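Please read the structure below before turning to the comments.
What you see is a predicted model; the values in this text were computed from it and never measured. We number each residue from 1, following the sequence as shown. Every number for a ligand or one of its atoms is a count from 1 in the order of the listing.
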Amino acid sequence: MNIHHDTRPMLNLIRLANGEGLDLPAYESKGAAGMDLRAAVDEAAPLTLLPGKRALVPTGFIFEIPEGFEGQVRPRSGLAFKNGITCLNSPGTVDSDYRGEVKVLLINLGEEPFVISRGMRIAQMVIASVTQARVAEITEASETMRGAGGFGSTGV
Ligand SMILES: O=c1ccn([C@H]2C[C@H](O)[C@@H](COP(=O)(O)OP(=O)(O)OP(=O)(O)O)O2)c(=O)[nH]1
Ligand SMILES: [Mg+2]
């Protein structure tokens, strides 16, 4: 018998009151890296983001990111290209121990007001594995060819 076992990490979601009726965050194509996040703004009160302004937009869900992973909140290129809408803290970091509502910090870098209505796909979240390092203070760094050269030291 052929047993198909889904080995993908499990992402548990808790729907909050403001997420009532919203589609679950979802991968919009088979190979999509990120799941689209929807705006959990009030149906009767869309959010207007004026040029140059920012807003923390709720998603309506608590994400239980599995241990050893993070959620990266990234802009959608279509909104960035067409409307100048991006994530100010891109990529946003959702820690695996965070138990608050995931929110998206959007900024309008465009020239027109942008209206965010309920259910609009405003950003995407990529689940990525994380390595935590141990930290040790030392007095001398090991020698390398590069040394302290950086910020364009190798030329263009
Ligand atoms: O785009 C984002 C970024 C962060 N968060 C939540 C989840 C994350 O685990 C928490 C803290 O984020 P971060 O560490 O980036 O912010 P901070 O300014 O360092 O806050 P804190 O002191 O709470 O860590 O805020 C979001 O919901 N969306
Ligand atoms: Mg932090």
| task | Give a yes/no on ligand 1: does Val102 have at least one heavy atom closer than 4.0 angstrom to it? | result | yes
| field | Protein heavy atom at shortest distance from atom 4 (C) of ligand 1 | value | Thr93 O, 3.1 Å
| query | Side chain of Gln124, backbone of Arg74: donor and acceptor closer than 3.5 Å? | reply | no
| request: Do me a favour and list the nearest non-hydrogen protein atom to atom 14 (O) of ligand 1 with residue, atom name and distance? | output: Asp95 OD2, 3.9 Å
| field | Nearest-neighbour protein heavy atom for atom 27 (O) of ligand 1, which is reported as residue plus atom name and distance | value | Lys103 N, 3.0 Å
| Are any side-chain N or O atoms of Thr59 and backbone N or O atoms of Val102, one a donor and one an acceptor, separated by less than 3.5 Å? | yes
| task | Using modelled atom types only, decide if a donor and an acceptor are shared between the side chain of Arg15 and the backbone of Leu22 within a distance under 3.5 Å. | result | yes
| said: Testing Ile14, Ile127, Asn12, Leu37 one by one against Phe63 for a side chain to side chain contact (heavy atoms under 4.5 Å, CB included), which residue passes? | reply: Leu37
| query | Under 4.0 angstrom from atom 23 (O) of ligand 1, is there any protein heavy atom? | reply | no
| Quick one: does Tyr98 get an N or O within less than 3.5 Å of an N or O on ligand 1? | no
| query | Does some side-chain heavy atom of Phe114 sit less than 4.5 Å from a side-chain heavy atom of Leu106? | reply | no
| said: Please determine whether the number of non-hydrogen atoms from other residues, nucleotides or ligands lying under 6.0 Å from atom CZ of Phe81 exceeds 12. | reply: no
| query | Any protein heavy atom under 4.0 Å from atom 16 (O) of ligand 1? | reply | no
| query | Quick check: are there more than 12 heavy atoms from other residues, nucleotides or ligands sitting under 6.0 Å from CD of Glu111? | reply | no
| request: Output yes when a protein non-hydrogen atom is found under 4.0 Å of atom 9 (O) of ligand 1, and no otherwise. | output: yes
| Of all the atoms in ligand 1, which lie at a distance below 4.0 Å from a heavy atom belonging to Gly92? | 1 (O)
| query | Atoms of ligand 1 less than 4.0 Å from Val94 heavy atoms? | reply | 7 (C), 8 (C), 9 (O)
| request: Could you tell me if any non-hydrogen atom of Val104 lies under 4.0 Å from any atom of ligand 1? | output: no
| remark: Of Thr59, Asn89, Asp97, the residue with the heavy atom nearest atom 1 (O) of ligand 1 is Asn89
| said: Could you check whether any side-chain N or O of Asp42 sits under 3.5 Å from a backbone N or O of Ala44, counting only pairs where one atom can act as donor and the other as acceptor? | reply: yes
